[in-house]
Amino acid sequence: MRNHRYSILALQARRVDTLNTPVKGFEVEFKEAVKIALQSLWANKLRSVLTLLGVVIGVASVIAVVTLVNGANTFVTTKFTSYGADVFTVSKMPAIITNSEDYERFQKRKDILFPDYLAIKDNCKRCTGIGAQQATTGKVVRGTESVTDSSIRGYTAQMPELQNLNIMQGRGFTDTDEEHASRVAIIGTDIQDHLFAGISPLGQELRVDGTPYTVVGVSEKQGSTFGASQDNWVAVPLTAYQKSYGTAKTLTIYIKAGEAGDILQDAADEVRVLVRSRRHDAPGAPDSFELDTNNTLVGFFSTITKSFGAVAGAIALISLVVGGIVIMNIMLVSVTERTREIGIRKALGARPRDILMQFLIESATMALVGGIFGVIGGMVVAQVVTVLVGFPSTIALWSVFVGLIMATSTGIFFGVYPARKAAQLDPIVALRAD
């Protein structure tokens with residue numbers, strides 16, 4: 001206790017010595033103010049932690065949210081555009097449905113069937129590539145080993161190319177496989193790792209919901225999306241798939257236009273006319289199907305993440321305001337504690353603006369320190385979420401600067417009142433203070 005008391009007295013003596021120094025240039029004054037602020041933070045560690053907690057939480061929230069939102073946007077944009085900016089889809093239902101009423105309405109639409117795919121394939125003159133797929137969830141077995149909840153996909157020959165699935169080993173499907181409903185399969189890396197550990201899967205047999213298939217290809221690893229693996233799947237020719245699961249189920253048609261922009265739009269318009277005529281949609285009536293491009297999906301997701309970011313930003317702003325109020329209260333306490341020091345400085349010729357600047361720099365420095373810890377904390381939180389959940393994160397350099405500027409601005413804004421109060425003290429009254 002005695003040593004701690006002596007350290008406090010020594011710190012106060014250094015402060016008085018600093019305040020007794022004649023008025024110098026702004027640079028020296030700034031350095032002295034920052035030094036005093038850091039000394040105050042270090043001398044009162046617990047109080048400093050509690051003072052800066054609001055700022056740390058606010059800045060950490062901003063950094064964590066921006067990092068996660070930026071990572072999600074980057075991931076989704078990359079994922080969707082990997083299909084190609086010139087690829088669009090025709091399906092019974094949109095990829096994203098936001099409410100149950102829409103879901104029920106879309107469910108009443110007629111299915112997109114295999115003859116619709118053939119009609120587009122035979123008649124679309126602006127389409128440079130076309131494929132179709134169906135999918136369900138099933139069980140994949142080899143010997144005594146099995147993988148459950150696997151995505152079972154029925155692909156036409158061009159589907160791997162349209163989805164940019166690179167075949168790492170073996171080959172893809174051929175028109176012959178499609179025509180003869182060959183029992184061949186392409187597998188994801190999860191299936192390879194679980195069922196064919198240590199051996200080549202090519203030429204090996206596995207069972208998909210009881211039906212035997214021979215593995216002819218292995219896709220490259222896709223990774224995970226928001227914690228869900230994208231490699232737990234088996235693809236078989238669409239005709240073979242329909243033999244096992246039936247033909248009276250809707251499918252999704254993928255169409256490649258060759259180029260984005262106007263060429264994509266022309267191809268989409270042609271496909272729309274073909275599908276509307278097959279489904280007998282009345283002139284002027286809305287489409288009884290969905291025609292989606294990558295931009296549609298990316299734009300929708302960006303809107304969602306912006307809304308999420310706005311809500312999280314508002315919460316972070318509240319934390320900063322609370323932190324600013326705490327800083328203001330602590331600075332008021334500091335003014336009271338240092339009333340005599342302020343009086344000595346004024347007696348030696350310090351002007352009110354010198355005192356004002358001193359306390360503003362101190363409050364800004366305190367907030368900036370909190371901002372630095374907030375930035376570090378936000379990055380750590382984002383990385384922890386990425387490791388535990390698999391949610392993508394990308395650190396945006398601009399968010400770091402914004403967080404530090406917000407923290408410093410908070411300190412300056414809420415430090416104005418204590419600083420003005422200190423600057424307006426009467427030197428005689430201040431010298432009489434204990």
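Bear in mind the structure is a predicted one, so any value in this text is a computation, not a measurement.
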If I compare all heavy atoms of [X] with all of [Y], which pair ends up nearest, and what's the gap?
{"X": "Tyr213", "Y": "Ala185", "answer": "CB-CB, 4.0 Å"}
{"X": "Leu52", "Y": "Ala367", "answer": "CD2-N, 4.3 Å"}
{"X": "Leu264", "Y": "Phe88", "answer": "CD1-CD2, 3.2 Å"}
{"X": "Ala60", "Y": "Gly377", "answer": "CB-C, 4.3 Å"}
{"X": "Ser200", "Y": "Gln169", "answer": "OG-OE1, 4.3 Å"}
{"X": "Ala157", "Y": "Pro160", "answer": "O-CD, 3.6 Å"}

Enclosure of Lys139 NZ (heavy-atom neighbours >12, cutoff 6.0 Å): no

Phe106, CZ: over 12 other non-hydrogen atoms inside 6.0 angstrom: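 Enclosed.
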
Out of curiosity, [X] [atom1] to [Y] [atom2], how far, rounded to the nearest 0.5 Å?
{"X": "Glu337", "Y": "Ile330", "atom1": "CD", "atom2": "CD1", "answer": "8.5 Å"}
{"X": "Asn232", "Y": "His194", "atom1": "CG", "atom2": "NE2", "answer": "7.5 Å"}
{"X": "Met366", "Y": "Ile327", "atom1": "CE", "atom2": "CD1", "answer": "5.5 Å"}
{"X": "Trp398", "Y": "Ile405", "atom1": "CH2", "atom2": "CD1", "answer": "11.5 Å"}
{"X": "Ile186", "Y": "Leu165", "atom1": "CD1", "atom2": "CG", "answer": "8.0 Å"}
{"X": "Ile255", "Y": "Leu291", "atom1": "CD1", "atom2": "CG", "answer": "6.5 Å"}

For [X], which residues count as a side-chain contact (heavy atoms from CB on, under 4.5 Å) partner, sequence neighbours excluded?
{"X": "Thr67", "answer": "Ile63, Ala382, Ser393, Ile395"}
{"X": "Thr137", "answer": "Asp149"}
{"X": "Cys124", "answer": "Ile120, Cys127, Glu270, Val271, Leu274"}
{"X": "Phe401", "answer": "Leu397"}

Do [X] and [Y] have side chains that approach each other closer than 4.5 Å (heavy atoms only, starting at C-beta)?
{"X": "Val55", "Y": "Phe373", "answer": "no"}
{"X": "Arg126", "Y": "Asp269", "answer": "no"}
{"X": "Asp86", "Y": "Ile263", "answer": "no"}
{"X": "Thr250", "Y": "Ser91", "answer": "no"}
{"X": "Val275", "Y": "Asp116", "answer": "no"}
{"X": "Ile112", "Y": "Phe289", "answer": "yes"}

Those residues that, when tested against Gln134, pass side chain to side chain donor-acceptor pair (under 3.5 Å) (two or more places apart):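 Gln134 satisfies side chain to side chain donor-acceptor pair (under 3.5 Å) with Gln242 once adjacent residues are dropped.
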
Partner set under side chain to side chain donor-acceptor pair (under 3.5 Å) for Glu101, not counting sequence neighbours: none

Listed by chain and number, what are the ring-ring contact (aromatic ring centres under 6.0 Å, His included) partners of [X], not counting sequence neighbours?
{"X": "Tyr117", "answer": "Phe114"}
{"X": "Phe413", "answer": "none"}
{"X": "Tyr241", "answer": "Tyr245"}

Qualifying residues under salt bridge (charged side-chain N to carboxylate O under 4.0 Å, His left out), relative to Asp193, sequence neighbours excluded: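 Per chain and number, Asp193 pairs via salt bridge (charged side-chain N to carboxylate O under 4.0 Å, His left out) with no residue.
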
Sequence-distant partners of Arg171, salt bridge (charged side-chain N to carboxylate O under 4.0 Å, His left out), two or more places apart: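 Here the qualifying residues are Asp177.
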
Residue that, paired with Glu290, satisfies salt bridge (charged side-chain N to carboxylate O under 4.0 Å, His left out) out of Lys92, Arg272, Arg109: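 The salt bridge (charged side-chain N to carboxylate O under 4.0 Å, His left out) with Glu290 is passed solely by Arg109 among Lys92, Arg272, Arg109.
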
Worked check of side chain to side chain contact (heavy atoms under 4.5 Å, CB included) between Glu220 and Gln222: CA-CA 6 Å; Glu220 69 177 354; Gln222 301 294 303; 3.6 Å; yes

Candidates Gln163, Glu161, Gln158 - the one meeting side-chain hydrogen bond (donor to acceptor under 3.5 Å, both in side chains) with Tyr254: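 Testing Tyr254 for a side-chain hydrogen bond (donor to acceptor under 3.5 Å, both in side chains) against Gln163, Glu161, Gln158 leaves exactly one candidate, Gln163.
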
Val326 backbone acceptor or donor facing Asn329 side chain under 3.5 Å: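 No, the answer is negative, given that no donor and acceptor are paired below the 3.5 Å cut-off.
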
Ser146 side-chain N/O to Arg142 backbone N/O, donor-acceptor pair under 3.5 Å: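 Absent.
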
Residue pairs, two or more places apart or on separate chains, that pass side chain to side chain donor-acceptor pair (under 3.5 Å) and touch residues 405-423: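 Of all non-adjacent pairs touching residues 405-423, none passes side chain to side chain donor-acceptor pair (under 3.5 Å).
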
Lys249/Asp111 salt bridge by N-O under 4.0 Å criterion: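 Between Lys249 and Asp111 there is no salt bridge, as every charged N stays at least 4.0 Å from the carboxylate O atoms.
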
Tyr155 and Trp233 aromatic ring geometry - parallel, tilted or perpendicular at 30°/60° bounds: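 The rings of Trp233 and Tyr155 sit tilted, inter-plane angle from 30° to 60°.
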
Check against side chain to side chain contact (heavy atoms under 4.5 Å, CB included), Leu238 and Leu251: CA-CA 10 Å; Leu238 181 58; Leu251 51 79; 4.3 Å; yes

Evaluation steps, side chain to side chain contact (heavy atoms under 4.5 Å, CB included), between Phe359 and Met331: CA-CA 8 Å; Phe359 281 89; Met331 291 304 297; 3.5 Å; yes

Test log, rule side chain to side chain contact (heavy atoms under 4.5 Å, CB included), inputs Leu195 and Val140: CA-CA 9 Å; Leu195 302 185; Val140 184; 3.7 Å; yes

